[in-house]
Amino acid sequence: MKQRLAKIKEQIHFHNYRYYVLNEPLIADAQYDELMRELQQLEAAHPDWIVPDSPTQRVGAAPVSAFETVAHSRPMLSLGNVFDQDELFAFDKRVADLLRAEGVLQNQAVAYNAEYKFDGVAVSLRYEHGRLVRGATRGDGVTGEDITSNVRTIASIPLRLQGEPELWPEILEVRGEVLMHRADFEKLNQAQVQRGDKVFVNPRNAAAGSLRQLDPRITAQRPLRFFAYGWGEIRLAGAATLTEPFDTQSAMLDWLRGLGFPVDEHRQVLQGAAALMAFYEQTEQTRAELPYEIDGVVYKVNRLAHQELLGYVARAPRFAVAHKFPAQEMTTTLLGIDVQVGRTGAITPVARLEPVFVGGVTVTNATLHNEDEIRRKDVRVGDTVVVRRAGDVIPEVVAPILDLRPDHTTPFIFPELCPVCGSTIERPIDEAIARCTGGLVCAAQRKQSLEHAVSRKALDVDGLGTKLIEQLVDSGRVKNLADLFELTQLELATYPRMGTKSAGNVVLALQAAKTPSLARFIYALGIRHVGEATAKALAEHLTSLERLVRANEDELLQIDDVGPVVAAEIVNFFAEAHNREVLTQLNTVGVAPQEPEDFRQAQEHTALSGKAVVLTGTLPSLSRTDAQALIEKAGGRVTGSVSKKTDFVVAGSEAGSKLTKAQSLGVTILDEAQFLALLHA
Ligand code: IVH
């Protein structure tokens, strides 16, 4: 029995390592759970066999009234920062100069270990004879708080080291970061809302709050994770001194990984500042795809002997530096809350902010999502709020800072009437979004419907931007889509910032947009829930606008992609007298959607139909996507590499090997002008 117990513990221990450190689980979750259950049963039958490093002991010990303080055997330092390329190059030069002065570096570049800078909470974990004996927060760097019972609940922190016990150090202090994955954070916050508990502002705060719980049973329920990036005291046991490679940062991290600690798999050894800069830029591009948040990268001189020579200034090492990303969260004042009306009448509350530099740009507006969100966060005009802008995501108000709330603020009252057209705002019981009921009476909805109709994926009319549409609608000249096609060059030229030439271009673009494919035309109508894919499916199946207009719900439901909600929306759309009038008017002004058969025939008559085209280099005016769209519209296809089957290569500046290959194969090469000429031929 006792042997079985030891065997199961060994297995669980091993599978933890496969899962958390190697990211290569060997068994399914259910099988893992099965092992855990068996262990629990054995231990329940023999309570005296339970030891502190048993995997069952992660559930959380009894609560404490306060944390004890612990002195760190080696101080936990912080890092200096650099924010741009100049500061980074200055750091590298300082390091290189010092190492050269010491005579340990000649002309070569300094080698660094580049790592992610995890955005969580620093902890120190102490292992004696391979067993976790203490976990501590950083505190002031000299003393921290004893959070042993809490760190024991974190599944990715080994309770016992991996590998041959003979190779375990007698004492090992591992330093690293406790954090929470973004998805886990979202889930936790949803649960907090449901329980009526306070929500966390970001994953780091959630990790910090969870780690500093006086009741470890609560910590045990929080999805915390750990990454190791450093160490404190290490005392090796005799034999290991000779066998372990302790000469570089990178080798140390490999060693820690072998002992069972998750380490950053993106770390790289790089030579010189230019390589560090490239690592930074690459990381900034990909950080949004990571499951967790990082707030920069860290560079550490790789050679430990060199680290030692460089030493420390004040509380930070001279051999390492953090290269921070621009902050994604900042605080600012909420000046007001307006509501915006979307194409389908959706009302979005928007925060007007004291301008603030966040995520690399100045932000003055941020979304507040919807009425419930405002209420949940209790955001009020006058509050100091946390604003977040991550990557290309729309900036949002995360939360107010209640401690800074001025006197006499009042909760926001959601409007009952549309601020643009005065129609009532309605919100179906089971929906989060409130809508203006004004439909196309509402100028806001009208403008956005028009914008949608002329957008790239719809009728694709160049030169009809937001501003011009706004002016056309506000002046009363354009009330619906069909009106657009009656505009003349002369008339358009009277609008602000429109020259005769650009007015002419708009008219030409409208002319060209009169024969869209049926799918694009349907999409352009902006029927609710009918996106590009659904529009395509409708066009394929019904093949004519007539049939679509007459289709009833049963017919529509025959089509893949169309469910009851969409079918009802379509039928309602065409039942609306106003919409039918617009369709008639569109027909009168000569807008004629090409039914799939006709469209294919039209495509067959272009110089590019059925041709394979390769794009290479940068074209003077067309982007790659634009060029591709044009080729596909003309019935051609874009391929990635040049071969004998390639019909044309369209080459811009800095075209490389594809151009050379095309020349050697004798494939026709076109510049942008020749390409456009061929398209219009
Ligand atoms: S090294 C002697 N490496 O950043 C250097 N720190 O501002 C000690 N951090 O308190 C830190 N990722 O919480 C180091 N790869 C990494 C890190 C990292 C995150 C945090 C850590 C530290 C803070 C320093």
Side-chain angles (χ1 to χ4, degrees), residues 72-83 87-88 91 95 112-125 135-145 147 151 154 156-157 173-181 202-208 210-212 224-234 248-257 261-270 276 279-280 283-284 287 290-325 327-328:
H72 298 300
S73 57
R74 304 262 176 94
M76 284 182 81
L77 302 169
S78 63
L79 289 171
N81 292 318
V82 295
F83 287 96
E87 290 177 12
L88 170 60
F91 162 79
V95 167
Y112 296 92
N113 194 56
E115 309 170 6
Y116 281 1
K117 186 172 189 306
F118 299 104
D119 199 7
V121 188
V123 296
S124 183
L125 307 171
T137 62
R138 177 168 180 275
D140 61 7
V142 178
T143 56
E145 287 172 323
I147 50 162
V151 299
I154 301 174
S156 53
I157 291 180
E173 275 182 13
V174 173
R175 266 102 196 246
E177 203 87 348
V178 167
L179 51 78
M180 200 179 277
H181 279 191
N202 55 37
R204 179 168 42 78
N205 286 10
S210 303
L211 201 56
R212 294 195 70 266
L224 296 172
R225 316 228 176 193
F226 178 75
F227 279 109
Y229 53 65
W231 58 91
E233 183 181 356
I234 297 181
T248 57
Q249 173 79 22
S250 49
M252 284 296 281
L253 294 184
D254 291 340
W255 179 65
L256 290 178
R257 184 171 193 256
F261 298 94
V263 295
D264 174 17
E265 58 196 33
H266 306 88
R267 73 204 135 93
Q268 276 182 42
V269 177
L270 299 168
L276 299 182
F279 178 79
Y280 173 86
T283 305
E284 194 172 26
R287 68 191 284 215
L290 296 170
Y292 47 78
E293 299 202 329
I294 58 176
D295 57 344
V297 295
V298 182
Y299 315 124
K300 299 171 183 169
V301 170
N302 199 30
R303 201 145 278 294
L304 300 189
H306 294 179
Q307 290 193 357
E308 209 139 300
L309 278 174
L310 289 160
Y312 301 83
V313 262
R315 317 252 51 247
R318 231 186 245 115
F319 59 79
V321 79
H323 192 173
K324 300 270 282 260
F325 297 129
Q328 292 189 323

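All ligand and atom numbering here is 1-based and tracks the order in the structure.
- For Y299 and Y280, the distance between ring centers is not under 6.0 angstrom.
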So what's ligand 1 close to, N/O to N/O, under 3.5 Å?
{"residue": "ligand 1", "atom": "3 (N)", "partner": "K300", "partner atom": "NZ", "Å": "2.9"}
{"residue": "ligand 1", "atom": "4 (O)", "partner": "K117", "partner atom": "NZ", "Å": "3.1"}
{"residue": "ligand 1", "atom": "12 (N)", "partner": "F118", "partner atom": "N", "Å": "3.0"}
{"residue": "ligand 1", "atom": "13 (O)", "partner": "E177", "partner atom": "OE1", "Å": "2.6"}
{"residue": "ligand 1", "atom": "13 (O)", "partner": "E177", "partner atom": "OE2", "Å": "3.3"}
{"residue": "ligand 1", "atom": "13 (O)", "partner": "Y229", "partner atom": "OH", "Å": "3.2"}
{"residue": "ligand 1", "atom": "15 (N)", "partner": "E115", "partner atom": "OE1", "Å": "2.9"}
{"residue": "ligand 1", "atom": "15 (N)", "partner": "Y116", "partner atom": "O", "Å": "2.9"}

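- Note: F118 and F227 have parallel aromatic rings, judged against thresholds of 30 and 60 degrees for the angle between ring planes.
- In terms of the salt bridge (charged side-chain N to carboxylate O under 4.0 Å, His left out) criterion, D140 has no residue partners (sequence neighbours excluded).
- Under the rule for a side chain to side chain donor-acceptor pair (under 3.5 Å), the partners of S210 that lie at least two apart in sequence or sit in another chain are R222.
- Y292 and H181 have tilted rings, their planes meeting at an angle from 30° to 60° on a 0 to 90° scale.
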When the side chains of residues 307-316 are checked against the rest of the protein, which donor-acceptor pairs come out under 3.5 Å, sequence neighbours left out?
{"residue": "Q307", "atom": "NE2", "partner": "Q249", "partner atom": "OE1", "Å": "3.3"}
{"residue": "Q307", "atom": "NE2", "partner": "V301", "partner atom": "O", "Å": "2.8"}

